[in-house]
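Right, one structure below, let's go through it.
What you see below is based on every heavy atom in this structure, not just the backbone, and it leaves out hydrogens, waters and symmetry mates.
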Amino acid sequence: MNETPMRTAVVVLAASAAAFVSASAGMSFRQEPFLTYYFLFAWWPYIFGAESLLVVMGGYSTLYERPRSFWALLPLSVIVWLAFEAANFRLGNWYYIGLPRETAIRWGGYVLAYATVLPALSVTRRLLEFLGLWEDVKWPPLRVAPWRWPMFALGVACLVLPLAWPKYCFPLIWGAPVFLLEPVLYGFRARSHLRLLLLGKPRRLLLVLVAGFLCGGMWECWNYWAGAKWYYAIPFVDVLHIFEMPVLGFLGFPPFALACDVIVSAFRGADRALAERSPALRWSVWGVCAVLGVVCAVMVMQGIDEHTVVLLRS
């Protein structure tokens, strides 16, 4: 990498660190906007700072080396989390308090917060990869073929059962994208965890799971101190909290991270397939998806206001 991105990365890293420290100080002294929006003031400096740190250390940064790919993650991240928000209308596992009364500001907060999910998981995984975690790990190759269609059937069950019996089956929702999409990705020879396990290479799977656990800790920590925040209403396990999350609830973050990684793989695989077939078709498909995505996002955010927000900021 030439000196210009390196210098930019150093500046962005320093600015991100300063922004995080300043926001944390402002939150500690209950100064606005840092108190209400601390979650945003913590996550965005972390994302840009971590991407820049990778450049400084000589690692791979999506932001600097494939910026289009990085920025494409943001709207995808919003849509992915809004899908889980829509599921939560039925599950009722979390709710929001302390959000601003102004709809435009509140919805802007939704978008900015949900846009952090995929970039945060991605950069955390790449940091762990650069640091050499499980660099030489190998497992016996997995026999994939007999498992493909049972996995897909399990994915359907993971989607249907939580919506039918949310009190008892709510944790299964995180597995639905994994079991639905992994057999499809494997069948189309796209990047998939099944294909890597077939080769006896579990490293990416392990890195994704650990990244999910670490990001879960940061999500809960930064949410705990924020004025605009979420609480949980999780059946059977609502004891022994760390921050706002019941201890057993932290077990949900690794499978959630895996679901996100699989969704990103599916998105990028579809994008490559469309580009190879026809650039015009690619733009047409994603243009239609963008319009539908905006319509669905508006509908879900209206639903969040109605079903998930229980207390607006006074």
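The side-chain heavy atoms of V123 and T62, taken from C-beta on, include no pair separated by under 4.5 Å. The shortest distance between side-chain heavy atoms of W43 and F20 does not fall below 4.5 Å.
Donor-acceptor pairing under 3.5 Å is lacking for the side chains of S278 and R282. Side-chain contact check for S61 and E65: no donor-acceptor pair (N or O, by modelled atom type) lies under 3.5 Å. A side-chain N or O of E85 and one of W94 form a donor-acceptor pair less than 3.5 Å apart. A donor-acceptor pair shorter than 3.5 Å can be found between the side chains of T124 and Y46. Under 3.5 Å, the side chains of Y232 and W230 contain a donor-acceptor pair of N or O atoms. Under 3.5 Å, the side chains of Y110 and D305 contain a donor-acceptor pair of N or O atoms. In this model, a donor atom of one side chain and an acceptor atom of the other lie less than 3.5 Å apart for R268 and S69.
Between D261 and R204 there is a salt bridge, with a side-chain nitrogen of the basic residue lying less than 4.0 Å from a carboxylate oxygen of the acidic one.
The closest donor-acceptor contact from the side chain of R106 to the backbone of P100 lies under 3.5 Å. Distance alone, capped at 3.5 Å, places no donor-acceptor pair between the E51 side chain and the Y64 backbone.
Nearest heavy atoms, V237 versus L248: CG1-CD1, 3.7 Å. When every heavy atom of W219 is checked against every heavy atom of G212, the shortest pair comes out as CZ3-O, 4.5 Å.
Among residues two or more places apart in sequence or in another chain, the ring pair (Phe, Tyr, Trp, His ring centres under 6.0 Å) test is passed with Y168 by F236.
Annotation: cation-pi geometry satisfied between K229 and Y224 (NZ/CZ under 6.0 angstrom from ring centroid, within 45° of ring axis).
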